[in-house]
Each structure stands twice: as C-alpha cells, then as structure tokens.
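See structure below.
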Protein chains: 2
Amino acid sequence: MPPEQKAGATVRPAVSPWDDIAERLHANGLRWTPQRRTLIEVLKEQQGHVTASELIASCKERDRTTTPSTVYRALDLLEELGLVRHGHGHDGREEYHVLPDQVHGHLYCVGCGTTWEIRPETGAVIVDALAAQLGFDVDLSHVTISGRCAGCHD
Amino acid sequence: MPPEQKAGATVRPAVSPWDDIAERLHANGLRWTPQRRTLIEVLKEQQGHVTASELIASCKERDRTTTPSTVYRALDLLEELGLVRHGHGHDGREEYHVLPDQVHGHLYCVGCGTTWEIRPETGAVIVDALAAQLGFDVDLSHVTISGRCAGCHD
DNA sequence: CAACGCGTTGCAACGACTCGCAATAGCCAT
DNA sequence: ATGGCTATTGCGAGTCGTTGCAACGCGTTG
C-alpha cells in the first residue's frame, strides 16, 4: 500500500526534490536503505553549508550505528543524482550544500576567517572569462577562493 | 672561512632566493637545521607543482629519518617567508609550488583529470572582477577551480 | 512465503595532515 | 670549549576521508 500522497486533493505539485528519491534510486537499480533515509532526513533540515563531519554527527544522533564510510558513500551517490553538491573549504575539508539553492561560489578571507558567497552576477564574470578565453566550463560551486576581504587589507 | 661568494668578480647579484635563507632565518631568531636544509635542497630542484607527500618522499630519499610533521612545519615556515606557496588541489590535497614563478591559478578538468594553468591575463579578469565588485583581494594561487575543459564538454 | 542475486553496509587499515609534549640541539654568551 | 636559553624535532594520538573485502539484507522471482 504505497502512500499515494500525490493524489491528495490539497497537495501541491511542488514536491520537495527529496520526495521521489526512493523512486529515482529504484529506477537505477539502487536501493532505499535505512542509512540513506537517515541521511536524507538530516539533509532536509540543512541549509547553507555543512561539512561532512557535521552531517555524520547529525546522522549519529538519529542512528547511533552510523558509520562514516557509509555516509560518505551515500553523499557521493546523492551528488551523482544532483541533490547535493560538495566542494572544498579553504583548508581542503569537504563542504556540502543542498542543491535547490542557487549555485554559487565561496570566498574565504584569510584575514578574518569569514566566508562570503559570490553573488551570481559576480560569479558569472568569472565563469564567462574562463569560458571565453579557454573554453573551460567552470563549476564555481566546488571551490572556495581565498584572499582578503575589503575590511582586511593589510 | 665563510664562502663569500658575493665578492667573486664574475658572480651575478641575481642570487637564487634560496641562498640567503639561513640569514633570513637568523634575522628572525629562527634556526638553520639539517632538516630544513634537506627540504630546501629538495625544493631547489622542483619545478611546477608538488604535493606535500611527494616532498616528504624526496626528503626521505636524502635523509631516511625525515618525519612528516617536521616537513609540514618547515613548509609553513617557508611559506611565511614567501618562498613557497601552497594551495589545495581539486581533491583537497595540498600542493606546493616555488614562488619565483609567476603567480597563477589552476583549473582542474573533472572530465579528463588534467590540470591547466590560468594565464595571468585570464587570472587578472577574475581578480579584478572580485576586487571591483566586492573589494576582495583574491589569492588565485591558493585554489584549483574545477570544471570541464573545452575537450570534455558533455 | 522462501530462496536468491547483487547493491550496500560495517569494519579495518591506510594515507594525508595536525597538534601537544618531552627531549634534542642550534646558536649566542661566557 | 662550556653552558644555557629556547627554537625545533620526533613521536604518539587524533581527525578527516578513502578503499578493499566479507557479511548482510533489500527487493524481486518463483
């Protein structure tokens, strides 16, 4: 007896992108496991950036038997499905963010340690420059660019 | 009998930036140790990018007693002195390059795995864009930007 | 509803990097 | 030369992330 929620009269068609994951996994011969369910519950309530270890910690709160390698592998999978994106912070650690947000880049100030988001317009300049001059299709969301913010110049 | 090379008639004033390290260390109350000497010998013959573990391996070839933590600390020090620069590759691992080279950024193609250098002119566009729009002073050499090169578009 | 195949998990080991701490050893002074 | 101050080293422990492998269990088939 599948939960045919989509038939509910007042249910909006704007389902969260998470809602049909089970089906999407199935469609590819993949499985809907409790571990993945846990991770997705955690991801649903995330916003902004999260490090992998934060995610692992949150999963452990819900399921004490969570193991890191499983989470990492599940995240890889979700990334392939386009549901999350991972990048590296200024120190090389992994950071994830949920996709529904606008794709954006990050700026890290080595002076004050603040992380800034690169607005789409600004990002576009960078993407366009590399595209025009090298034919390179940049994935801005993957990196954190370092430097000094306006308030931290020498 | 100090090697007063600078007095040699035909010796150029263009000494390698490595030559006066011992003095520069001294000037800051730091010490000229065999471990640092080993690392610098290794660095001297490097060109392009090197990962920290490659450097450690090379140091071990010269001195089997080399310890990783010492190399990492020495590299930090040399970076403060402006002799090397470190950044993070697409996978977050550390990469070093010797400074005398033009400061440049890196591009990593997730399609073919190639790393490309961002030419200064191209880099300037990026740096200028962030400077103009956000007052942010970018250190392009620290990051590897990911994406797809011209030959690897879907 | 029991058997089965293969996608997944958990574990253990490993590699990259960091950090605290006690012992070592540069470098200057005597 | 000798001694001492303290920068540095080496080690051990710890974190983050990856990978190989054997056991497990999801989802399907008969």
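Residue numbers start from 1 in every chain, and the chains themselves are labelled A, B, ... in the order their sequence lines are given, proteins ahead of strands. Keep in mind the model is a prediction, meaning the values are calculated, not measured.
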| said: Using whole Å, what does the distance between atom C1' of nucleotide D/dT8 and atom CG of B/L78 come to? | reply: 14 Å
| query | Just how far, in rounded Å, is P of D/dG17 from CG of A/L55? | reply | 10 Å
| said: Taking the nucleotide of DNA chain C with the nearest heavy atom to each, does B/W32 or B/P68 sit closer to the 5' end? | reply: B/P68
| request: Give every residue pair that meets the salt bridge (charged side-chain N to carboxylate O under 4.0 Å, His left out) criterion with at least one member in residues 34-49 of chain B, sequence neighbours excluded. | output: B/E41-B/R62, B/E45-B/R62
| field | Set of salt bridge (charged side-chain N to carboxylate O under 4.0 Å, His left out) partners for A/D139, sequence neighbours left out | value | A/R85
Run the side-chain donor-acceptor check on residues 89-96 of chain A: report pairs under 3.5 Å with partners two or more places apart or on a different chain.
residue	atom	partner	partner atom	Å
A/D91	OD1	A/R93	N	3.1
A/E94	OE1	A/Y96	OH	3.1

| field | Partner residues of B/S69 under the side chain to side chain contact (heavy atoms under 4.5 Å, CB included) criterion, sequence neighbours left out | value | B/T67, B/R73
| request: Could you pull out all residues at least two apart from B/V50 that satisfy side chain to side chain contact (heavy atoms under 4.5 Å, CB included)? | output: B/Q46, B/E54, B/L55
| task | If you link ILVMFWY side chains whenever their heavy atoms are less than 4.5 Å apart, which other residues fall into the same cluster as B/V110? By chain and number, please. | result | B/Y108
| field | Atom-to-atom span, CZ of A/R37 to C1' of D/dG25 - whole angstrom | value | 15 Å
| remark: Per-helix bend value, the helix from C/dC1-D/dG30 to C/dT30-D/dA1, C1' rotation axes over five pairs per end, 10° rounding, shows 10°
| request: Please find out if less than 6.0 Å separates the ring center of A/H142 from that of A/H86. | output: yes
Which atom pairs, donor and acceptor, lie under 3.5 Å between side-chain atoms of residues 113-125 of chain A and protein residues at least two apart or in another chain?
residue	atom	partner	partner atom	Å
A/E117	OE2	A/H104	NE2	3.4
A/R119	NE	A/E121	OE1	3.3
A/R119	NH2	A/E121	OE1	2.9
A/T122	OG1	B/Q133	OE1	2.6

| note | note: B/D76, atom CG; C/dC19, atom P; distance rounded to Å ~ 9 Å
| message | Between P on D/dT6 and NE2 on B/H26, what's the gap in Å once rounded to a whole number? | response | 16 Å
| task | Would you kindly give the CD1-to-C1' distance between B/I56 and D/dT9, to the nearest whole Å? | result | 14 Å
| task | Using a 4.0 Å heavy-atom cut-off, write out nucleotides 7-16 of chain C from 5' to 3' as B (base contacted by protein), S (sugar-phosphate only) or - (no contact). | result | BSBBB----S
